[in-house]
Protein chains: 2
Amino acid sequence: MPDAIPAFKPQAPEQSLDKDILAEMPAYDLIELFFFAYRDFVSDPDRILDEYGFGRAHHRVLHFVSRQPGLTIAELLDILRITKQSLNRVLKELIEKNFIESRTGTADRRQRLLHATPQGHDLALKLAKLQTRRIMRALSGAEPQAKEAISQYLLCLIDPDDREHVKHLVFGPDKT
Amino acid sequence: MPDAIPAFKPQAPEQSLDKDILAEMPAYDLIELFFFAYRDFVSDPDRILDEYGFGRAHHRVLHFVSRQPGLTIAELLDILRITKQSLNRVLKELIEKNFIESRTGTADRRQRLLHATPQGHDLALKLAKLQTRRIMRALSGAEPQAKEAISQYLLCLIDPDDREHVKHLVFGPDKT
DNA sequence: AATTTTATGTCAGCCTTGTTGACATATCTC
DNA sequence: GAGATATGTCAACAAGGCTGACATAAAATT
C-alpha cells in the first residue's frame with residue numbers, strides 16, 4: 001500500500017508516517033528496560049525475605065495488608081490476581097509466624113479482616129524503604145516533573161478497567 | 001522528638017525537612033504502580049504463549065535471541081540471570097519446536113550461536129507488538145519529553161554495575 | 001424457618017520455572 | 001599433553017502458580 005488514497009495523503013503526512021513506524025517498529029527499548037528494571041527492583045527485598053524464610057509471594061501479601069489494615073481476603077485476591085489456594089499457602093505462614101493477624105469481621109462475620117502485627121509492619125516498612133531508596137536514586141537526576149510523568153505512564157500501562165481501582169488503592173479514596 | 005536540637009533546626013529547614021520525609025515515607029505510589037503495571041504488561045503475551053504451549057520463560061529466551069541473532073548461551077545466561085539448567089529446559093523446547101536454531105560457533109566451536117527461525121521471529125515480533133501497543137497507549141497522552149524521562153528512570157532503577165551492559169544491549173553498541 | 005448464596009478454609013495433585021550438585025564432552029589455550 | 005572453558009545432561013528439590021472438590025459458618029432471600 002505505498003500509494004495512499006489522495007484524500008488521506010496530504011493530510012498530516014508526518015503523523016501518518018509516525019503511525020506507520022510505530023505500527024511496524026516495536027518499542028524494544030521500553031520493553032527491555034522494563035524487564036531489567038523490574039528484575040533488579042524486586043531483587044533488593046529478596047535478600048532480606050530469605051532471612052525470614054519468606055519469598056516474593058509473602059512480600060506482596062504483607063505489603064498490601066500492611067498498607068491497608070482491615071483488608072479482606074476477597075480484596076486481596078482481587079489485587080494479587082491469584083487463587084485463594086495460592087494465597088492461603090503464604091498467608092497461613094505469615095499468620096503462623098506472627099506477621100499478620102486475621103480478625104473476624106464485625107459487620108460481616110464471614111469476612112476475615114487482615115492486619116499486620118507490629119512485627120509485620122516493621123518488615124513491610126523495611127522492604128518498602130529498600131525499594132524507595134532505589135526509586136529515589138533513579139529519580140534524583142530527573143526533573144521535578146519526571147515523577148508525575150512516570151506515575152502517569154505506569155498508571156496507563158494498567159488495564160483500563162482496573163485503573164480506577166488501582167488509583168483508589170494507591171492514592172486513597174479521597175483523592176479524586 | 002518535636003523539639004529539634006537548636007544547632008540543626010535553623011540550617012536549611014526546607015531541605016532537611018524534605019530529606020527527613022523521604023527517609024521516613026516510602027514511595028508507596030511508585031512501588032505499587034510498578035507492581036500493577038508489570039502485572040498487566042506481561043499478561044498480554046501470556047495469553048498467546050499459552051496457545052503455543054510456552055510460558056514466560058520461553059518468551060524471555062525467544063525475545064533476546066530474536067533481538068540479537070548469534071547470541072551465545074553464556075551471554076543469554078548473563079541477561080536472564082538464571083542457571084544453565086533452567087535455561088536449557090526451555091531452550092530445548094524452543095529448538096525442538098523450531099522457534100530457535102543453535103549453530104556451532106565459527107571462531108570458537110565450543111560456543112552455540114542462537115538464532116530465531118522465521119517462525120521464531122514471527123512469534124517474537126507478535127509478542128513485542130502486543131506489548132508495544134500497550135506502551136504506546138500509555139505514552140499517547142504524555143508529553144514528548146516523557147518517553148526520555150521514563151527510559152532514564154527505568155535505566156537508573158537497574159543495578160549500577162549492570163547499567164552499561166544493559167545500555168549496550170538495549171540501545172546497541174554504536175550509541176555511546 | 002428453610003433455603004440459597006457468599007466468604008473463607010482445606011485437601012490433593014499437577015505444572016512451570018527456579019535452584020543445587022555431579023558429571024560428560026568437545027574445544028580452546030598454554 | 002594439561003588445564004581451562006563452553007556447553008549439555010541427569011537427578012532431586014523448592015516456590016508459587018493452577019484446578020477441582022468439598023466443608024463450614026454466616027448472611028441474604030424467600
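To find a chain, count down the sequence lines: A is the first, B the second, and so on, and within it residues start at 1. Computed over heavy atoms, backbone and side chain alike; hydrogens, waters and symmetry mates excluded.
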**Report entry** Residues within residues 40-72 of chain A bordering DNA chain C, heavy-atom distance below 4.0 Å
**Finding:**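 Residues of residues 40-72 of chain A that come under 4.0 Å of DNA chain C are, in numerical order, A:Thr72.
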
Using the ring pair (Phe, Tyr, Trp, His ring centres under 6.0 Å) rule, collect all pairs that involve [range], keeping only residues at least two apart or in two chains.
| range | answer |
| --- | --- |
| residues 120-149 of chain B | none |
| residues 137-159 of chain A | none |
| residues 59-96 of chain A | A:His63-B:Tyr28, A:Phe64-B:Phe35, A:Phe64-B:Phe36 |

Query raised in the report: Which parts of residues 93-109 of chain B get close to DNA chain D, meaning a heavy atom less than 4.0 angstrom away?
Result: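 Within this stretch, nothing sits under 4.0 Å of the strand.
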
Query raised in the report: CD of B:Glu143 to CD of A:Gln145: how many Å apart, nearest 0.5 Å?
Result: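 Between atom CD of B:Glu143 and atom CD of A:Gln145 there are 8.0 Å.
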
Requested in this report: Could you tell me the separation between the CD1 atom of A:Ile73 and the NZ atom of A:Lys84, rounded to the nearest 0.5 Å?
Outcome: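 Going from CD1 on A:Ile73 over to NZ on A:Lys84, the span is 10.5 Å.
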
**Report entry** Pairing of B:Asp159 and A:Arg134 as salt bridge, 4.0 angstrom limit
**Finding:**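 Between A:Arg134 and B:Asp159 there is a salt bridge, with a charged N closer than 4.0 Å to a carboxylate O.
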
Query - Cationic N near anionic O, under 4.0 Å, B:Asp40 to A:Arg163 - result: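 Result for this pair is no, no salt bridge flagged.
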
**Report entry** A:Thr83 vs D:dC18: side-chain N/O to OP1/OP2 distance below 4.0 Å
**Finding:**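 Yes, A:Thr83 has a side-chain N/O under 4.0 Å of OP1/OP2 on D:dC18.
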
**Report entry** Reference residue A:Leu62; test side-chain contact (heavy atoms from CB on, under 4.5 Å); the match among A:Leu114, A:Ile100, A:Leu49
**Finding:**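 Result for side-chain contact (heavy atoms from CB on, under 4.5 Å) with A:Leu62: A:Ile100.
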
Query raised in the report: Over how many whole Å does the gap from B:Gln111 atom CD to D:dA4 atom C1' extend?
Result: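 Rounded to whole Å, this separation is 14 Å.
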
Result block: side-chain N/O donor-acceptor pairs under 3.5 angstrom for residues 87-97 of chain A, not counting sequence neighbours:
| unit_1 | atom_1 | unit_2 | atom_2 | d |
| --- | --- | --- | --- | --- |
| A:Glu93 | OE1 | A:His58 | NE2 | 2.5 |
| A:Lys97 | NZ | A:Tyr52 | O | 3.1 |

Please list, pair by pair, any protein nitrogen or oxygen found under 3.5 Å from a nitrogen or oxygen in nucleotides 9-13 of chain D.
none

Report task. With DNA chain D as reference, determine whether A:Arg110 or B:Leu113 sits nearer its 5' end, using the nearest nucleotide of each. Result ->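 Counting from the 5' end, the first nearest nucleotide belongs to B:Leu113.
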
Requested in this report: Note the angle between the end axes of the helix from C:dA1-D:dT30 to C:dC30-D:dG1, five pairs defining each, rounded to 10 degrees.
Outcome: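 Rounded to the nearest 10 degrees, the bend comes out at 20°.
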
Requested in this report: Could you walk me through whether A:Tyr38 and B:Phe41 pass ring pair (Phe, Tyr, Trp, His ring centres under 6.0 Å), step by step?
Outcome: CA-CA 11 Å; A:Tyr38 196 78; B:Phe41 182 69; 9.9 Å; no

Under the salt bridge (charged side-chain N to carboxylate O under 4.0 Å, His left out) test, which residues partner [X], sequence neighbours left out?
| X | value |
| --- | --- |
| B:Asp122 | none |
| A:Arg110 | A:Asp108 |
| B:Glu101 | B:Arg103 |

Requested in this report: Check step by step if side chain to side chain contact (heavy atoms under 4.5 Å, CB included) holds for A:Arg47 and A:Leu130.
Outcome: CA-CA 11 Å; A:Arg47 290 183 264 281; A:Leu130 246 191; over 6 Å; no

Requested in this report: I would like to know whether B:Phe34 and A:Leu157 meet side chain to side chain contact (heavy atoms under 4.5 Å, CB included); could you show each step before the answer?
Outcome: CA-CA 9 Å; B:Phe34 205 39; A:Leu157 279 182; over 6 Å; no

Query - Opening and closing nucleotides of DNA chain C in contact with chain A, under 4.0 Å to non-hydrogen atoms - result: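 Using the under 4.0 Å cut-off, the span is C:dT6 to C:dC11.
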
